[in-house]
Amino acid sequence: MKQHIANLIQQAIDTLKASGDFDTELVANIQIDNTRDKQHGDLACNVALTLAKAARRNPRDIAQLICAHLPASDAVTKTEIAGPGFINFFISQDATQAIIGKVLEQAEKFGRNNSGAGHKVQVEFVSANPTGPLHVGHGRGAAYGASVSNLLAAAGYDVQREYYVNDAGRQMNILAASVWLRYLQQAGETIVFPSNGYQGDYVNDIAQQLHTQAGDRLKHAATTVMAGLHTDAPEGDKEKHIDDLIERAQSLLGDQDYRLVFDAGLDSIRDDIKHDLHGFGVDYENWFSERSLDQDDQINRAIAKLQQQGHVYEDKGALWFRSTAFGDDKDRVVKRDNGQTTYFASDIAYHLNKFERGMDTVINVWGADHHGYITRVKAALEALGIDPARLVVKLVQFAILYRGEERVQMSTRSGSFVTLRELREEVGKDASRFFYVTRKAEQHMDFDLELAKSESKDNPVYYIQYAHARICTLIRKLAEKDMAWDADIGLAQLDKLSQAAEIDLMQQIELYPEVIANAAKNHEPHQVAHYLKDLAANFHTYYNAHRMVIEDMQLRNARMCLCMAARQVMANGLELLGVDAPEQM
RNA sequence: GCGCCCUUAGCUCAGUUGGAUAGAGCAACGGCUUUCUAAGCCGUGGGUCGAGGGUUCGAAUCCUUCAGGGCGUGCCA
């Protein structure tokens with residue numbers, strides 16, 4: 001409809017140019033807005049105001065001219081010039097009612113578009129270290145990333161969802177050592193657990209399973225294990241202590257058995273994360289292993305590639321990437337003086353790999369604490385000859401957790417955290433996913449667990465689901481009374497839908513495609529959440545004001561067509577947010 | 001110190017990319033059901049859009065200064 005109106009205005013302007021009323025050089029940026037107040041019609045255009053300066057004329061005069069030259073249209077019943085020079089359009093009921101047939105015909109495809117056709121985009125999100133279960137802090141990134149992915153798919157993009165598994169590096173070695181020490185405890189050794197190890201119960205569970213599988217084969221005497229280590233905190237250095245333990249584990253177990261312990265932790269936690277996310281309605285096309293980069297020597301290749309371009313130099317025994325040449329504050333080490341590559345080097349290789357896999361655009365959903373990282377990663381891409389604009393980083397602010405007044409601290413290491421699984425069990429998948437995604441990502445968010453639980457009945461997601469379920473109930477009621485809904489009869493009688501509540505609902509439905517397009521374009525799933533609340537409100541108002549299960553067959557079917565169109569849009573929208581659309585509540 | 005993000009009703013948040021009288025939900029108050037789900041509907045009250053200055057026909061939105069809050073600023077991952 002907006003496009004139709006814009007065309008009418010463009011034609012009017014062209015006519016005026018031809019007749020010499022407007023300068024032919026005049027370029028009009030025609031923007032059609034939905035009106036806030038129905039007294040201003042249904043759609044409004046501010047083109048007269050934007051043209052006023054260039055045309056050196058009073059905007060109301062310009063509006064007058066445009067209105068006088070608008071081609072006739074069945075969809076428009078009236079135009080008005082209002083305020084400083086807005087042109088307001090009143091849309092005919094026929095044109096509005098047509099949306100119902102469109103929705104019913106396109107069904108689950110309604111609202112989709114092809115703006116991203118032929119474009120490959122990867123969305124990488126969550127990517128939490130596999131050193132422990134996901135906690136509620138990860139939930140927001142999961143909900144956001146999944147919804148953005150769905151939106152992009154709805155806009156026609158070829159979307160790949162990816163989880164980057166940090167299965168290399170020191171944190172994972174600390175986990176392996178933690179697992180092994182717990183294993184030793186279960187094998188009967190007396191071990192003082194390191195303060196810097198992973199304390200969570202899940203480590204015990206993994207160790208127990210390892211013990212069941214491997215028996216005492218991986219056992220060494222506590223005295224041998226602990227001999228000659230740096231002392232732990234508080235007297236000693238907890239970092240040195242844990243590093244010594246890792247080294248001890250590696251030397252006592254040998255490569256193969258150490259890998260066994262390491263993988264026991266990694267596999268168990270990765271699978272747990274996978275299951276957890278699946279239960280949260282989040283599934284990935286690809287789980288990318290950081291370690292695979294190293295195995296394929298991709299890290300060294302990436303460094304070599306930077307080196308060829310002359311962006312790497314040596315200083316104090318280390319290799320540095322000259323990121324300052326690309327806007328970074330300081331240069332960054334890619335290979336340490338001990339010969340080990342840095343995490344950043346892995347990241348360079350990883351991002352290079354993404355683009356080598358043929359992605360046109362890569363979207364990274366990162367926690368807000370990683371923002372300092374954006375510049376250097378983009379710098380690396382530019383240095384490698386890849387347009388940094390093809391990497392889009394979406395920062396998701398942390399949810400600050402409260403239990404009533406009390407702030408809940410989150411730490412994987414100490415084992416004191418609320419897991420995503422607990423949240424799902426306490427609050428429910430639908431409510432938590434909706435809650436996360438209702439706030440826009442860059443907005444700080446307070447998440448009160450008590451409130452989320454206690455108010456779960458007042459949670460807006462139920463309001464929408466309830467609207468959906470109510471319509472499903474109507475269908476059941478009609479079937480019971482042998483008055484089954486007949487779409488064709490209803491579609492032929494749409495002109496009977498002229499109540500204010502009906503018009504409002506139809507107009508709201510008509511907005512859906514542009515909401516989806518806009519939300520996809522801007523990566524803002526919260527727009528969908530807010531839209532659905534408004535749609536549900538329109539429906540509830542209608543439902544309370546008018547009855548659908550009535551004797552009048554024509555009116556009944558017409559109203560049911562409208563209800564079914566509303567139901568379809570709610571189902572489509574909820575699907576994008578990963579929320580179920582229940583048939584009864 | 002420097003950099004990024006944020007500040008809108010008592011609380012939690014929207015605000016269609018610069019448009020008309022700034023909106024929802026929760027909380028408060030008053031109404032609605034012998035009839036399709038009251039997890040609903042209708043109504044009332046509630047604002048210096050953090051503060052000042054600027055840009056223009058027009059600013060919550062753009063620029064600037066300041067205040068407050070969050071995060072970052074490793075040869076950690």
Side-chain angles (χ1 to χ4, degrees), chain A residues 31 33-37 39-40 44 46 49-50 52-53 58-59 82-86 88 129 131 166 168-174 239 290 315-320 329-330 332-338 340-344 346-347 367-375 395 397-398 400 435 438-448 451 455-467 469-478 480-481 501 511 514-515 518-519 521-522 524 526-527 529-531 533-534 536-537 539-550 563 584-585:
Chain A
Q31 188 188 334
D33 294 309
N34 303 306
T35 55
R36 210 188 313 245
D37 185 340
Q39 287 188 350
H40 298 139
N46 64 355
L49 286 94
T50 60
K53 186 174 270 184
N58 182 317
F86 292 103
N88 295 333
N129 284 347
T131 53
N166 296 116
R170 181 162 173 265
Q171 294 306 320
M172 286 307 294
N173 284 320
I174 294 177
E239 302 292 348
E290 178 187 358
D315 186 39
K316 294 179 219 145
L319 280 184
W320 298 71
D329 296 336
K330 51 175 290 196
R332 309 289 172 178
V333 171
V334 288
K335 190 175 270 187
R336 296 200 280 266
D337 54 8
N338 65 7
Q340 282 187 341
T341 53
T342 59
Y343 180 80
F344 177 49
S346 300
D347 246 2
D369 56 335
H370 280 68
H371 71 76
Y373 229 70
I374 300 173
T375 314
L395 292 179
Q397 292 291 332
F398 290 123
I400 302 166
F435 185 86
T438 306
R439 275 77 167 153
K440 63 179 175 204
E442 61 267 34
Q443 180 68 259
H444 296 267
M445 172 167 117
D446 288 344
F447 198 136
D448 185 338
L451 206 66
E455 288 198 346
S456 64
K457 283 199 168 171
D458 298 323
N459 192 306
V461 73
Y462 296 110
Y463 183 79
I464 300 163
Q465 290 182 318
Y466 187 50
R470 270 182 152 178
I471 298 169
C472 294
T473 300
L474 287 175
I475 293 292
R476 286 195 299 273
K477 286 284 170 191
L478 287 174
E480 282 169 21
K481 298 194 174 188
L511 292 179
E514 68 182 89
V515 170
N518 210 28
K521 183 176 147 221
N522 297 316
E524 292 184 341
H526 76 275
Q527 288 191 27
H530 287 278
Y531 167 83
K533 270 201 294 195
D534 291 342
F539 171 74
H540 285 308
T541 297
Y542 178 41
Y543 182 90
N544 275 274
H546 303 285
R547 303 190 57 76
M548 290 82 196
V549 182
I550 48 176
C563 289
Q584 49 186 312
M585 291 175 73

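- Distances shown here put every side-chain N or O of A:T438 at or beyond 4.0 Å from the OP1 or OP2 atom of B:A14.
- Nucleic acid contact for A:H540: sugar-phosphate only, since backbone atoms but no base atoms lie under 4.0 Å from a heavy atom of the residue.
- Contacts of A:N58 with the nucleic acid, taken as non-hydrogen atoms under 4.0 Å apart, are absent.
- Summary of the strand contacts: A:K440 and A:K330 both lie near RNA chain B, and taking for each the nucleotide with the nearest heavy atom, the more 5' one is attributed to A:K440.
- Side-chain proximity of A:F86 to the nucleotides B:A77, B:C36, B:A20 is greatest for B:A20.
- Contact annotation for A:N129: backbone-only contact, meaning every heavy-atom pair under 4.0 Å involves sugar-phosphate atoms and none involves a base.
- Among the protein residues, A:A168 comes within range of the sugar-phosphate backbone only, with heavy atoms under 4.0 Å from sugar or phosphate atoms but none that close to a base.
- Among the heavy atoms of the strands lying under 4.0 Å from A:Q31 are primed sugar atoms or P, OP1, OP2 only; no base atom is included.
- Residue A:K335 is out of contact with every strand shown, counting any heavy-atom pair closer than 4.0 Å.
- Residue contacts for A:T473: at a heavy-atom cut-off of 4.0 Å it reaches a base atom on one of the strands shown.
- Put simply, A:H40 has no side-chain N or O that comes within less than 4.0 Å of OP1 or OP2 on B:G19.
- Residue-level contact check: A:Q584 touches the bases, meaning some heavy atom is under 4.0 Å from a base atom.
- For A:R470, the listed nucleotide lying nearest its side chain is B:G40; candidates were B:U17, B:G40, B:A20.
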